[in-house]
Amino acid sequence: MNTADKHFKFINSKTGYVIFYTSLNAGLPTEKLKEELEKVKFQVASKNGLYHGTVYWEEIKADN
């Protein structure tokens with residue numbers, strides 16, 4: 001796991017199941033990070049035949 005990356009999971013809110021994982025550079029500005037996550041969210045929803053509002057993302061935090 002690259003510590004320079006932030007890791008995210010995309011979840012189907014109707015089932016609670018994780019349907020996709022991705023990593024993005026932790027050095028991205030907050031706004032750019034959110035833009036990239038929204039792009040991925042739309043792609044994941046489209047690929048899975050879901051309304052984009054059904055999919056949400058959460059950051060995966062390492063337990064220390």
Side-chain angles (χ1 to χ4, degrees):
M1 193 184 282
N2 185 347
T3 56
D5 288 339
K6 287 188 175 187
H7 306 281
F8 299 90
K9 57 186 175 182
F10 290 79
I11 303 161
N12 178 337
S13 65
K14 291 193 178 205
T15 64
Y17 294 134
V18 176
I19 54 177
F20 190 75
Y21 293 93
T22 194
S23 298
L24 296 172
N25 188 308
L28 289 174
T30 302
E31 277 305 308
K32 183 66 175 167
L33 186 66
K34 287 181 182 180
E35 285 177 27
E36 292 300 317
L37 287 167
E38 285 300 308
K39 286 180 193 175
V40 173
K41 180 176 127 174
F42 274 90
Q43 292 170 351
V44 168
S46 177
K47 182 178 178 185
N48 288 279
L50 300 169
Y51 169 67
H52 74 275
T54 303
V55 177
Y56 68 96
W57 53 268
E58 290 181 356
E59 184 175 355
I60 300 169
K61 302 270 187 177
D63 293 334
N64 293 333

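In this chain, numbering begins with 1 at the start of the sequence shown. Predicted, not measured: the structure shown is a model, and the values here were computed from it.
In this structure, Val18 is not a member of the same hydrophobic cluster as Val40, with clusters built from ILVMFWY side-chain heavy atoms closer than 4.5 Å.
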**Ile60 vs Tyr21, side-chain contact (heavy atoms from CB on, under 4.5 Å): CA-CA, chis, key distance, verdict** = CA-CA 9 Å; Ile60 300 169; Tyr21 293 93; 3.7 Å; yes
**Message:** With side-chain contact (heavy atoms from CB on, under 4.5 Å) as the criterion, how do Glu38 and Glu35 come out once you've worked through the C-alpha distance, each side chain's angles and the decisive distance to 0.1 Å?
**Reply:** CA-CA 5 Å; Glu38 285 300 308; Glu35 285 177 27; 5.9 Å; no
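Scanning all heavy atoms of the two residues, the minimum distance from Leu33 to Lys6 falls at CD2-CD, 4.1 Å.
The backbone N or O of Thr54 lies less than 3.5 Å from a partner atom in the side chain of Ser13, making a donor-acceptor pair.
Remark: Phe20 CZ to Ile11 CD1 distance equals 13.5 Å, nearest 0.5 Å. Between Trp57 atom CH2 and Glu36 atom CD the span is 12.0 Å, to the nearest 0.5 Å. In this structure, the separation between CG on Leu37 and CD on Glu59 is 9.0 Å, given to the nearest 0.5 Å. In this structure, the separation between NZ on Lys34 and CG on Leu24 is 13.5 Å, given to the nearest 0.5 Å.
When side chains are defined from C-beta on, Phe10 counts as touching Lys41, because their heavy atoms get closer than 4.5 Å. Using a 4.5 Å heavy-atom cutoff, the side chains of Ile19 and Leu50 are in contact.
The aromatic rings of Phe42 and His52 sit parallel to each other, their planes meeting at less than 30°, with 60° as the upper class boundary.
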